[in-house]
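Numbering starts at 1 and runs along the sequence shown.
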Amino acid sequence: MSNSSSTAYPRLHQRSQIVIPARLASTRLPQKLLLRETGKPVLQHTFEAAGLAHRPSGITVAVDCPELAAAVTGFGGSSVMTDPLLPSGTDRVATVARQMPDVEIFVNVQGDEPEITGQAIDLVIEMLEKNPSAQVATLAAPIRERDRLEDPACVKVVRAGDGRALYFSRSPIPHARSWDDSMMQHEPPLFLQHIGIYAYRRDFLLTLNELPESQLEPVEKLEQLRFLEAGATIMVGLINHALKGIDTPADYRAFVQRQSRLTLVG
């Protein structure tokens, strides 16, 4: 790995860019990024929410088809066409990074996160700015329900006292040898849900494909374990509540209802 832990990035307020990887195909909710029962496509909601962050210099949507590019143009955004055969959103972010050599930090915001907050984006950038030896930053939120803790779809993270990620898992971690329900309300929280937003240093992002093959990643089906196995430092910032992404028709219906209530209040 070209990024060693001795690499230093001492200057705060480094130039950063939000990249929203946008893929049209979706198995559980077809073309979800273009759904617009609220009057705006999901992708526009995400773009506008991300635009409330203060630290980034701008937002680029990394699209995989003309339909999404047209949607971005329609709401006044900027897009870059990427290869539709790219295997992941991270690869789309890297495509944009290669075109922006003067940007030091790239934030990967998923297109199906219309309720992302500007504060969350600013926090992952700040985590990299304040931790010179870290290559990646991400977020976590407290887990307060035991069924959530035991749900394999909820990815858990354990971090050190300084915020460094120690391990990510679909299993409940840390594992309580002797369970007590009061553990769920412990302060600071004992159990943390990983939130899938990442900030990458440019040089680390561009060398991800060169990382050695991981033994842990295919077991847990978690990409971030490959980073840890390669010796990367991942900083984990804490937010109060998990973000609500859109994966299923039920997720989208709930989002539409929340937006409707916000409109009535406004």
Side-chain angles (χ1 to χ4, degrees), residues 18 20-21 42 45-46 49-50 52-56 89-90 105 107-131 134 136-176 179-200 220-225 227-228 232-248 250-252 254-255 257-259 261-262:
I18 298 169
I20 303 176
V42 169
H45 282 288
T46 303
L52 298 178
H54 296 292
R55 287 178 178 264
T90 306
I105 295 173
V107 183
N108 181 343
V109 174
Q110 297 301 316
D112 58 5
E113 294 277 2
E115 294 172 295
I116 187 76
T117 67
Q119 294 95 325
I121 294 169
D122 286 335
L123 179 56
V124 288
I125 295 171
E126 183 181 0
M127 295 290 287
L128 282 188
E129 291 178 336
K130 290 186 174 180
N131 293 277
V136 185
T138 189
L139 297 178
I143 299 174
R144 299 300 188 188
E145 299 83 29
R146 191 168 179 181
D147 59 346
R148 190 72 177 148
L149 177 65
E150 296 175 349
D151 182 358
C154 172
V155 177
K156 277 68 70 173
V157 60
V158 172
R159 65 178 205 154
D162 62 0
R164 288 178 297 111
L166 297 176
Y167 193 68
F168 297 83
S169 181
R170 297 185 182 278
S171 298
I173 55 170
H175 178 76
W179 180 261
D180 186 320
D181 287 343
S182 66
M183 291 177 177
M184 299 305 304
Q185 305 307 320
H186 192 276
E187 290 294 348
L190 293 173
F191 307 106
L192 298 173
Q193 175 179 347
H194 176 230
I195 308 299
I197 176 175
Y198 294 93
Y200 298 97
E220 297 256 22
K221 299 292 191 293
L222 295 175
E223 178 186 35
Q224 58 270 42
L225 292 178
F227 307 163
L228 290 182
T233 296
I234 305 175
M235 300 305 300
V236 183
L238 294 185
I239 58 176
N240 292 329
H241 304 286
L243 305 172
K244 293 181 172 64
I246 296 176
D247 292 316
T248 67
D251 292 338
Y252 185 64
F255 169 68
Q257 290 173 357
R258 289 192 296 271
Q259 286 296 305
R261 286 195 295 269
L262 288 174

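Scanning all heavy atoms of the two residues, the minimum distance from Ile105 to Ala199 falls at CG2-CB, 4.1 Å.
For the pair Thr138 (side chain) and Val124 (backbone), a donor-acceptor distance under 3.5 Å is absent. Looking only at distances, a side-chain donor or acceptor of Arg170 sits under 3.5 Å from a matching main-chain atom of Lys221. Looking at Asp251, its side chain does come within 3.5 Å of a backbone N or O of Thr248 through a donor-acceptor pair.
Interatomic distance, CD of Glu150 versus NZ of Lys156, reported as 8.5 Å (0.5 Å rounding). To the nearest 0.5 Å, atom CD of residue Glu129 and atom CG of residue Asn131 are 10.5 Å apart. Taking CD1 of Ile173 as the reference point, atom CG of Leu190 lies at 12.5 Å (rounded to 0.5 Å). Atom CD1 of residue Ile197 and atom CG of residue Leu243 lie 7.5 Å apart, to the nearest 0.5 angstrom. Note that the CG atom of Leu128 and the CD1 atom of Ile234 stand 10.5 Å from one another [nearest 0.5 Å]. In this structure, the separation between CD1 on Ile239 and CG on Leu123 is 8.0 Å, given to the nearest 0.5 Å.
Glu223 and Tyr198 form no side-chain donor-acceptor contact under 3.5 Å, judged by distance and modelled atom types alone.
Contacts of Arg159 classified as side-chain contact (heavy atoms from CB on, under 4.5 Å), with partners at least two apart in sequence or in another chain: Leu192, Val236, Leu238. Residues satisfying the side-chain hydrogen bond (donor to acceptor under 3.5 Å, both in side chains) criterion with Ser171, sequence neighbours excluded, are absent altogether.
Pro21 places a side-chain heavy atom less than 4.5 Å from the side chain of Asn108. For the pair Phe191 and Met184, the minimum side-chain heavy-atom distance is below 4.5 Å. A 4.5 Å side-chain heavy-atom check between Ile143 and Cys154 finds at least one atom pair inside the cut-off. Residues Leu139 and Met127 are not in side-chain contact: their nearest non-hydrogen atoms beyond the backbone lie 4.5 Å or more apart. Put simply, the side chain of Lys130 does not reach to within 4.5 Å of the side chain of Met235, judged on heavy atoms. Side-chain atoms of Leu225 and Tyr167, non-hydrogen and from C-beta on, do get closer than 4.5 Å to each other. A heavy-atom distance below 4.5 Å is not found between the side chains of Leu222 and His194. Here the side chains of Asp181 and Arg146 are in contact, with some heavy-atom distance below 4.5 Å.
Other residues, nucleotides and ligands contribute only 12 or fewer heavy atoms inside 6.0 Å of the CZ atom of Arg164.
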Tabulate below the donor-acceptor pairs under 3.5 Å that side-chain atoms of residues 113-122 make, not counting sequence neighbours, or state none.
residue, atom, partner, partner atom, Å
Glu115, OE1, Arg258, NE, 3.4
Glu115, OE1, Arg258, NH2, 2.7
Glu115, OE2, Arg258, NE, 2.9
Thr117, OG1, Ala120, N, 3.0
Asp122, OD1, His54, N, 3.0
Asp122, OD1, Arg55, N, 2.9
Asp122, OD2, His54, N, 3.1

